[in-house]
Each structure stands twice: as C-alpha cells, then as structure tokens.
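Note that the numbering runs from 1 along the sequence shown for the chain. Both ligands and their constituent atoms are indexed starting at 1 by order of listing.
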Amino acid sequence: MTKRIFQAIVIITVLGMITPRGYSQEHPASKDSLNRKWWKEAIVYQIYPRSFKDNNGDGIGDLKGIISKLDYIKSLGIDVVWLNPIYSSPNDDNGYDVSDYRNIMKDFGTMDDFDALLKGLHDRGIKLVMDLVVNHSSDEHEWFKQSRSSRTNPYRDYYHWWNAEQGKPPYRYSLFDVNHDAWRYDSLTNAYYLHYFSRKQPDLNWENPKVRTEVFDMMKFWADKGIDGFRLDAFQFAAKDTTFPGFPPGFEKHFSKYYAMQGNLHGYLQEMNKEVLSKYNVMSVAEGAGNTPEDAHNLVDADRHELNMAYAFEGVDIAKRGGYSLLHFKEVFSRWHSTFAEKGWLSIFLANHDQARLVSRFGNDSPQFREASAKMLATFLMTMRGTPYYYNGDELGMTNAGFDKIGDFRDVQTLNEYKHQQSIGADMSKYMHQIAFESRDNARTPFQWDGTANAGFTTGTPWIQVNKNYTSINASAEEKDPNSVLNYFRKIVKFRKDNLVLVYGKYKLLDKDNPDTYSYTRELDGKKLLVMLNFTNKNAATHTGIDMGKTKMLIGNYEHPSDNDTLRAYEAVIFELK
Ligand code: NOJ
Ligand code: CA
C-alpha cells in the first residue's frame with residue numbers, strides 16, 4: 001500500500017469514528033444528511049392474492065392472475081408490492097397458517113409462477129415484499145406434526161407445550177379461538193400447546209435456537225431468489241416468558257401489554273438482522289410494533305440493527321363503528337410523528353386486509369361523498385412522513401361488503417367469534433351489526449375489475465361474494481373517467497414521487513384544535529408545502545395563520561380546487577408557500 005493511500009484510509013476511518021452515529025444515520029435536517037433509502041421513498045401497494053384476480057376459474061385469485069395484471073399495477077406508479085402469504089397452507093386463516101415455508105399454496109400456483117411474477121415485477125421496476133409468518137406455523141406443518149407425535153421427538157421444543165400432569169396452564173387469551181383459550185389440549189401426549197391465534201396456528205418457540213436457524217435459512221432461501229423485503233407478521237408476540245407465569249384477571253382486555261415486546265424479542269431481531277437482513281438489500285417491516293411509539297422506535301432505530309420500519313396500529317384503530325374524532329386522529333398521527341422525527345421510520349396506512357374498507361371506515365361511502373372522501377384520504381396518506389401503504393381496491397374507492405348473513409362471511413376470526421357469542425347467549429343481531437362494519441371480510445371481497453359477471457374477477461364461483469356495487473365501482477369504468485378515484489390516486493402518487501419534501505420534509509401540524517380540518521406543512525431545504533384536508537361533509541374553514549395570498553395551489557381532489565382557506569366537503573388541497 002502506498003503511503004498516500006494509507007493516509008487516506010486513516011483519515012476516512014477517523015472521520016467515520018468522530019461522526020456522531022445517530023446524526024450520520026438518520027437526521028433529516030438537510031438533503032446531505034437525509035440518509036436516503038429506497039424503502040423510505042417507496043409507495044407500497046398491498047395485494048391480497050386470494051381476491052385479486054383468478055386466472056383458472058376456480059374462484060380463487062392466484063399468481064397467474066396477478067401476472068395478468070402487472071401492467072395495471074405498474075400504471076399505479078407504486079414502487080413496491082407487498083403480497084399477503086402465498087406459501088403452502090390449509091387456509092384456516094387464509095395463508096397465515098403456513099404448512100411449508102418453501103412452497104407455494106396449491107390454490108395460488110407453482111414456484112414457476114412465483115418466479116415469473118417476481119421477474120415480471122422486477123422487469124417493471126417494482127420490488128416485492130413477502131409476508132413472513134413466523135410467530136406461528138400451521139398445525140399441518142411437518143415441524144408441528146413431529147412435535148406433537150411424542151414428548152421426546154426432536155421437534156418437541158419447536159412449539160410451546162405444557163404437560164397436563166402439571167395441571168391446567170395459566171390462562172392465555174387467544175385472539176381467534178372459539179373459547180378464546182390459547183391452550184389447546186392434545187390427548188396424544190397428554191399436553192397443551194399454545195396458540196395465540198387459531199387452534200390451527202400453534203406458536204413457534206423462538207427460545208429454541210434450532211427454530212431461529214430454520215427461519216433464518218428459510219428467509220435466505222427467499223432473499224436468494226431476489227425478493228426485496230419481509231413484512232414480519234405478528235412478530236411482536238414471538239418472544240414469551242416460557243415459565244408462563246399467571247397474568248392478572250382481565251389481562252385479556254389489554255393483552256398486547258402482556259404479549260408484545262416480551263423476553264428476548266430484540267435479541268432475536270438483532271440475530272435475524274445479523275444473519276439475514278444485513279446481508280441483502282431488503283426492507284423489513286414490523287407488523288404490530290408494541291404498545292407505545294417508544295416500543296416501535298426501538299424496533300427500527302437504525303443504531304440498534306433490527307428492522308427498518310414500524311407498522312403500528314394506534315392510527316388505524318381510531319375509527320370505530322360510531323365514527324371517530326378528527327382531533328384524536330390528528331393527535332395520534334402527530335404524536336407518532338414526533339417520536340420518529342429525527343430517527344427511525346414509520347409506515348403510514350389506514351387500511352389493510354385486517355380492517356374494513358378505507359373509504360367506509362375513515363371516509364364516507366355514500367354515493368354523494370365516496371369519491372371525494374376516498375381522494376381526500378389518498379392525499380393524506382401520500383403527504384405524511386413515513387412510507388405509505390395502500391391496500392388493493394382502495395385505489396378504486398371500494399367499499400365495505402354489505403354482508404348481512406353469517407353464511408356470507410369466510411374469515412376465521414369473524415366466524416369463531418360468532419360461535420363464541422352464540423355460546424354465551426349474546427344478542428346476535430348486535431354482533432351481526434358489528435361485523436357488518438368491522439369484519440375483515442369487508443376488505444377481502446374480490447377486486448372489482450369491470451362490470452361483467454363477478455366483476456371480472458373470476459369466470460367461476462368466487463370464494464367470497466363480490467360486492468354488489470361492482471357494476472358502478474370498478475377499474476374499467478374508472479379508467480375512462482379522468483376524475484375517478486383511480487386516476488386521482490395515480491396523480492397523487494406521482495405528486496409524492498416528484499416531491500422529495502413529502503418523504504423527508506419536516507412535518508408541522510397547524511390549526512390543531514380545528515375539529516373539521518387537518519392542515520400541516522412539510523418542509524425541506526427551503527421548499528414548503530401546505531396540505532389542507534376537510535374531513536367533514538360540509539364546508540369548513542381552516543385557520544392556519546398562513547397568508548393564502550402567498551401560496552400557490554398545486555393539486556387538489558376537486559376539479560377546481562379551492563385557492564383559499566375554506567374547503568368544500570372532503571376537499572383536499574396542497575399549496576406551495578412562495
Ligand atoms: C396479522 C395478519 O395481518 C392477520 O391477517 C393474521 O390473521 C394474523 N396476523 C395472524 O397471523
Ligand atoms: Ca384460481
């Protein structure tokens with residue numbers, strides 16, 4: 001090595017050492033220190049494969065169906081597709097019960113189809129993020145079959161067992177079980193196994209290093225195929241105190257406090273990062289992110305070398321059947337933002353396959369306001385700091401399913417809770433009313449492609465009924481209408497892509513106490529945008545303190561957007577400050 005090169009290396013090393021770590025990694029103050037990452041700048045489009053497009057007429061969406069719609073997906077302008085689980089599964093929970101992590105679910109196709117899908121996305125410059133479901137597996141996974149076969153089987157410790165001669169295990173709440181009991185007795189070995197979700201979703205034992213190695217090897221298998229990221233399903237629950245202490249009576253009302261972020265969770269994530277994530281250019285998302293913004297931050301603070309971004313529920317949970325308060329909404333999004341303003345990264349979303357439809361829940365799905373409110377919500381999601389996630393069908397303004405008979409529902413959670421309510425003699429009409437608004441099936445009806453039979457989703461009988469409004473709400477009709485929700489979605493996606501300030505810029509809430517409108521600025525390197533959103537079905541004035549004479553209107557969801565501080569019903573406008 002020449003002396004010059006040696007000196008240069010010394011200087012670079014010393015400089016590297018004296019740069020404060022946190023600052024160099026995340027501080028968003030100026031462009032040079034933005035620490036730009038593709039996954040911060042990306043817009044994620046979530047595809048629920050079962051309901052997206054059926055290619056072979058069996059009524060179930062499949063990979064070939066997605067492939068046939070790649071040009072549509074590309075036309076949205078999004079950067080990343082997140083696919084819900086497509087691994088082999090008996091489908092107790094629509095793929096969230098994996099029986100073979102290295103194979104494709106028969107209903108969905110073959111590994112060749114998967115390879116073709118990945119290539120088709122990459123050819124179009126779109127990345128692919130896969131669901132990683134490893135808090136639990138299916139009870140039909142070979143590991144579990146072995147595990148339950150005898151107490152001395154080498155796979156016994158892959159799961160959590162409690163031998164019955166010790167008496168009944170301390171109560172654990174199950175989210176999906178008919179009796180909400182997370183311990184299931186298995187007479188074969190006279191023991192109980194733990195399942196936080198359904199009986200067919202036994203929890204894996206992350207304390208066992210063999211389980212961790214198996215999962216990391218499996219992740220490498222997919223990363224080596226070239227996928228671009230993992231969404232860690234329910235991983236916040238993966239670590240448990242395996243002495244299973246008793247919890248106080250009633251703990252189930254806030255079970256997440258007892259289940260999330262326990263034991264050595266961070267240690268497992270650091271190991272995952274070291275063994276897998278750090279070796280590939282992949283993004284990683286923590287679905288469920290503990291109980292506080294601080295918990296979430298600890299999962300994604302770059303200095304901790306765990307995951308990239310948190311997908312936290314406090315925001316999406318605000319909307320209830322009776323509506324929600326915009327003041328609460330603003331408070332939650334602003335508080336979460338403040339914890340992540342300097343370091344760490346958030347996902348921004350208001351809907352997914354576990355929630356009712358975006359426009360029915362957070363907007364207004366009446367014929368008069370559906371389009372305006374869907375566009376307003378798109379404007380919100382595309383202008384916040386964090387990576388936006390958009391759930392398939394919401395770009396059309398698809399609405400809740402409108403099911404009123406229990407026979408119409410398919411979701412294990414909805415159906416098991418129905419049985420549970422029946423068993424305790426509950427008022428079932430009340431329950432039906434509740435699921436009409438809340439059931440996850442609301443978001444799982446087939447994608448509405450066109451006005452032909454079954455919305456063009458399938459030539460067969462769909463696994464779940466198509467929403468009756470498909471003749472008026474569908475992609476084909478919206479393609480033709482320049483003012484459709486779909487075409488506005490494309491516009492606002494492009495607007496975000498063209499304005500780096502919307503990704504990294506500082507967020508500031510204005511007119512905080514206004515119960516009708518949400519206004520904020522985003523600012524980066526001297527560029528300042530003002531976003532104003534009316535969350536009501538009436539005219540509403542904003543009081544931002546900004547001289548509107550010094551602003552320029554850039555984009556809005558009405559054909560002729562307001563150029564002042566009074567917004568029409570569900571109006572959204574973005575201004576630039578001159
Ligand atoms: C979260 C998933 O999004 C949901 O659909 C699933 O039922 C549970 N985790 C269990 O895997
Ligand atoms: Ca099919």
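For a heavy-atom separation below 4.0 Å, the residues in contact with ligand 1 are Asp93, Tyr96, His136, Phe176, Phe197, Arg231, Asp233, Glu287, His353, Asp354, Arg440, Arg444.
Side chains of Leu117 and Leu83 form a contact here, defined as non-hydrogen atoms less than 4.5 Å apart. Residues Tyr171 and Glu252 have side chains in contact (heavy-atom distance under 4.5 Å, counting atoms from C-beta outward).
If you run side-chain hydrogen bond (donor to acceptor under 3.5 Å, both in side chains) between Arg357 and each of Thr445, Asn442, Asp365, Asp394, only Asp394 comes through.
Under the 6.0 Å cut-off for aromatic ring centres, Tyr193 and Phe144 qualify, their centroids lying closer than that. In summary, the aromatic rings of Trp449 and Phe447 are positioned with their centroids under 6.0 Å apart.
Ring orientation note: the planes of Tyr324 and Phe329 are tilted relative to one another, at an angle of 30° to 60°.
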* Does the pair Glu314 and Arg335 meet the rule for a salt bridge (Lys or Arg N to Asp or Glu O under 4.0 Å), with working shown? -> CA-CA 10 Å; Glu314 193 176 344; Arg335 175 160 44 80; 2.6 Å; yes
* Asked: Step by step, would you call Asp97 with Lys200 a salt bridge (Lys or Arg N to Asp or Glu O under 4.0 Å)?
  -> CA-CA 7 Å; Asp97 47 324; Lys200 288 185 67 60; over 6 Å; no
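Between Asp186 and Arg184, no side-chain nitrogen of the basic residue sits less than 4.0 Å from a carboxylate oxygen of the acidic one, so the salt-bridge criterion is not met.
Within the protein, the number of N/O/S atoms found under 3.0 Å from the Ca ion (ligand 2) is 5.
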